[in-house]
Amino acid sequence: MQKYDPKAIEARWQRVWEDERAFYVDNPAPGEEPAGAYYMLEMLPYPSGNLHMGHVLNYTLGDVVTHFQRRNGKWVLRPMGYDSFGLPAENAAIKEGGHPREITERNIVSIERQMRRLGWAIDWDRVIAAHDPAYYRWTQWLFLRFLERDLAYRKESPVNWCPNDQTVLANEQVVDGRCDRCGAEVEARKMEQWFFRITAYADALLRDHELIDWPERTKTIQRNWIGRSEGAELLFRIDDLDVDVPVFTTRADTVFGATFFVLAPEHPLVDTMIERSPNGAELDEYVRKSAAKRGEERATAEEKTGVFTGFFATNPATDARIPVWVADYVLMEYGTGAIMAVPGHDERDGAFAARFELPVKQVVDEEQGVLVGSAQFSGLPVEEGLAAIVAWLGERGRGRPAVSFRLRDWGFSRQRYWGAPIPVVYCPDCGIVAVPDDELPVLLPEVEEYRPQGKPPLASNEEWLRAPCPSCGGEGTREADTMDTFVDSSWYFLRYCDPHNDEAPFSRRLADFWAPVDQYIGGIDHATGHLLYSRFFVKVLNELGMVGFREPFQRLFHQGWVRQGGTKMSKSRGNVTAPDELAEMYGADAVRLYILFVGPADQDMDWTEEGIEGVGRFLRRLWRIVHEAAAADGGSGDGGPLVRKAHETIARVSDDIGRRFVFNTPIAAVMELVNELGRDPSAPGARFAAETAVSLIQPYAPHIAEELWEALGHSRLWEAPWPAADEAQLRRETFELVIQVNGRVRDRVQASTAETEDELVARAKASERVQAQLDGREIRQAIVVPGKLVNLVV
RNA sequence: GCCGGGGUGGCGAAACUGGUCAUACGCGCCUGACUUAAAAUCAGGUGUCCCCGCAGGGGGCGUAAGGGUUCGAGUCCCUUCCCCGGCACCA
């Protein structure tokens with residue numbers, strides 16, 4: 001027996017797999033699509049540095065599933081790619097001082113080397129990278145389809161501006177008022193931006209949750225983010241301005257209690273009011289001050305602030321003239337940017353009324369749950385009253401049922417260099433003109449300075465910027481903003497299905513064959529970003545007839561965070577442990593095994609190298625014991641304890657991976673089997689037990705498994721069918737009967753599975769130890785759990 | 001504040017649908033074997049308190065705290081405490 005030398009055998013098998021193209025999968029020919037396609041996918045990495053243990057967890061998980069499904073007869077697609085555009089890669093380049101393309105491509109080479117070192121079963125023929133013109137050509141092409149359908153549009157809007165990264169951020173990229181990437185405080189600015197009309201799909205995004213098998217908490221996060229509220233839109237008239245101002249409310253039942261009216265400082269009417277109001281100057285100052293405040297500051301302000309505008313609105317229910325205020329507790333982003341204030345029944349309005357001594361009117365008897373002081377509606381239960389009031393206001397043309405969402409349209413233009421150019425030309429005569437499909441890709445131009453300077457870097461290349469209008473041929477200007485990299489990652493899973501297609505982003509046949517993704521694995525931090533955007537994209541592609549499904553990811557699993565010293569592991573924090581170094585020290589198999597053995601995969605963990613020695617020890621033991629069992633060959637051992645243990649282990653491991661989707665306990669189960677085998681490697685059934693252990697550990701530790709499989713006289717374990725537990729071998733003739741008295745275990749005896757309940761009870765009563773416990777007391781009841789226990793109640 | 005998830009040995013964690021003295025598997029630690037020695041390896045031990053002089057065995061208490069349901073609760077219900085995550089002036 002040779003010494004276990006992980007480095008040598010890992011290199012050997014990685015070469016064999018590559019030579020034999022073991023994990024490459026061909027696309028089926030038209031009409032020959034087989035059943036049993038399985039699409040396994042993990043979120044693709046940003047090539048912003050090297051891999052860390054979080055990646056190792058993510059991709060090893062996917063690898064175990066890949067091997068398991070392959071060996072269960074599935075035709076498994078398991079591709080890999082790089083989210084190589086965008087801020088993470090660009091910031092890495094800025095830090096290292098090179099061109100983003102050079103740095104990114106260097107990182108990709110390094111990451112691929114690390115991935116290969118860990119032995120992941122990846123189809124390397126399907127690799128894609130967002131920054132590859134052959135890829136972003138189709139990102140641009142898809143953008144044009146959205147543009148045609150008016151699902152991409154441009155408008156001036158207040159945006160989140162990161163003063164450090166010098167770019168606009170999506171709402172999803174602002175966390176607690178700070179830039180998700182660099183932590184700088186985000187400012188509010190008004191700019192022309194590109195948006196995707198994801199709000200048009202808000203209902204579909206909610207409804208189709210029922211089509212997918214996702215963690216409930218992820219769906220909840222998305223549901224909260226979309227924030228659907230049912231209510232009504234009511235019109236309040238401001239006579240002096242001759243306008244009807246709509247408000248959204250979920251509490252139309254309280255309209256009789258609306259004693260004042262509030263506009264957000266950003267509300268379009270406020271400008272007019274500043275001009276015409278006697279206290280316009282004060283109003284103006286207030287608006288300016290709130291604009292300077294960050295959202296967070298506004299939200300946490302202890303006291304409500306506001307200014308009376310001098311105008312009055314008419315309550316459509318009472319016809320009362322109520323004062324119009326401007327206050328920053330009303331948000332322009334939600335509803336209509338204006339509210340009817342009901343201080344009697346809304347905490348915030350109440351606080352505002354108290355501060356500025358505004359009238360308060362009770363219109364709901366909270367105890368009885370009925371309306372009061374609401375004219376003909378008084379006495380009605382709240383729900384009934386609400387419906388009646390909306391109907392009544394509807395008849396008078398002052399209201400209608402309405403639904404409001406928290407979700408905003410997705411702003412995807414970025415004033416940055418490292419992204420896909422947005423393929424449009426601005427023409428003085430024709431306006432926004434799409435670059436024709438056959439002129440794609442609009443290549444990312446070279447620029448003198450790609451670092452952000454406050455204006456889009458692309459605009460500095462004037463030669464590139466000037467372009468003829470595709471429509472009239474006149475002089476036009478290219479769009480200098482680039483796309484958010486979340487656009488790239490909203491459809492990459494479809495490109496993997498057909499990665500070399502140069503006539504379309506992908507063929508519908510191949511997309512429908514492989515997708516939707518059967519099992520997706522990635523961080524929950526993408527719940528309101530990537531995971532929402534991809535769903536939106538697929539819904540649009542479905543309507544365009546490009547795919548036959550409405551959801552991209554059928555099953556979703558979130559791996560936990562790998563932390564170090566309590567902080568999230570990431571390149572930017574510099575607290576990384578290089579996986580390839582660990583693989584050099586302990587072997588890739590040990591690293592893979594350890595990251596999954598250390599705890600449940602969906603649970604956060606604090607990274608520690610303590611314990612990796614333990615799985616190293618296990619692998620060396622496995623090596624020795626399997627060799628001993630192979631040499632000794634103790635016979636079949638059918639029906640014996642070792643063979644039964646092996647079958648039990650098969651059943652446990654298969655159920656854990658296949659049904660429960662847990663990955664730490666199967667390792668423990670195989671360890672148990674090896675421990676039992678190790679007690680006597682020449683015992684009857686030892687060979688079968690050894691083969692079983694090797695076969696079951698293969699998804700986790702594929703290199704050593706192949707080597708040992710050979711030592712056992714076989715070849716190509718990666719292609720061998722997954723073992724099946726034999727029911728006959730699992731069946732027991734005897735079992736250990738647990739005897740309890742009043743629920744406490746007092747004895748155990750061997751009993752036959754054939755015995756009747758009465759016989760088992762008789763056995764229990766016969767036990768000496770039970771007799772001692774009973775001490776002459778009378779047995780009132782006997783509970784029998786067949787095959788397990790008898791409980792005597794005295 | 002609201003909505004999730006969780007609290008089990010010195011540590012990472014098992015116990016999947018209430019049913020094998022809870023703590024599998026691994027780490028750490030202790031003892032022994034091998035060795036000149038160490039490492040490695042192998043064998044054994046390792047919740048806690050108490051009792052029987054020892055060997056060996058017996059018993060009580062133990063899954064954040066308290067209560068409940070049940071023949072039987074880590075698992076179900078109620079109350080409280082603590083930790084983690086998401087949302088939060090959303091009208």
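Note: hydrogens, waters and symmetry copies are ignored here, and every other heavy atom, side chains too, is used. Reminder, nothing fancy here: chain letters follow the sequence lines and each chain counts from 1.
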Open item on the list: Give the residues of residues 755-764 of chain A touching RNA chain B, defined as any heavy atom closer than 4.0 Å, sorted by residue number.
Closed with: none

Task: Partner set under side chain to side chain contact (heavy atoms under 4.5 Å, CB included) for Ala690(A), not counting sequence neighbours - done: Val626(A), Ala629(A), Leu677(A), Leu712(A)

TODO: Using salt bridge (charged side-chain N to carboxylate O under 4.0 Å, His left out) as the criterion, list what pairs up with Glu230(A), not counting sequence neighbours.
DONE: Arg228(A)

Task: Contacts of type salt bridge (charged side-chain N to carboxylate O under 4.0 Å, His left out), residue Arg746(A), not counting sequence neighbours - done: none

Task: Qualifying residues under salt bridge (charged side-chain N to carboxylate O under 4.0 Å, His left out), relative to Arg679(A), sequence neighbours excluded - done: none

- [ ] Can you sort out the partners of Trp214(A) under ring pair (Phe, Tyr, Trp, His ring centres under 6.0 Å), two or more places apart, ordered by chain and number?
- [x] none

Task: A91(B) OP1/OP2 closer than 4.0 Å to side-chain N/O of Ser229(A) - done: yes

- [ ] Take the angle between the ring planes of Trp410(A) and Tyr533(A) and call it parallel below 30°, perpendicular above 60°, tilted in between.
- [x] parallel

- [ ] State the dot-bracket string of RNA chain B. Criteria: Watson-Crick or G-U wobble, both atom distances under 3.5 angstrom; notation: ( ) intrastrand, [ ] crossing earlier pairs, | interstrand, . unpaired.
- [x] (((((((..(((......[.....)))((((((.......))))))((((((...))))))..(((((..]....))))))))))))....

Side-chain donor-acceptor distances from residues 259-269 of chain A under 3.5 Å, at least two apart:
{"residue": "Thr259(A)", "atom": "OG1", "partner": "Pro359(A)", "partner atom": "O", "Å": "2.7"}
{"residue": "Glu266(A)", "atom": "OE2", "partner": "Arg298(A)", "partner atom": "NH1", "Å": "2.8"}
{"residue": "His267(A)", "atom": "ND1", "partner": "Leu269(A)", "partner atom": "N", "Å": "3.1"}

TODO: Sugar-phosphate atoms are those with a prime plus P, OP1 and OP2; base atoms are the rest. Using that split, label each nucleotide of nucleotides 7-21 of chain B B, S or - for protein heavy atoms under 4.0 Å, 5' to 3'.
DONE: -----BSSSB--BBB

Open item on the list: List the residues meeting salt bridge (charged side-chain N to carboxylate O under 4.0 Å, His left out) with Asp253(A), not counting sequence neighbours, and say none if there are none.
Closed with: Arg251(A)

Task: Set of residues satisfying side chain to side chain contact (heavy atoms under 4.5 Å, CB included) with respect to Ser404(A), sequence neighbours excluded - done: Phe248(A), Tyr334(A)

Open item on the list: Using the ring pair (Phe, Tyr, Trp, His ring centres under 6.0 Å) criterion, which residues pair with Phe68(A)? Sequence neighbours excluded.
Closed with: Trp722(A)

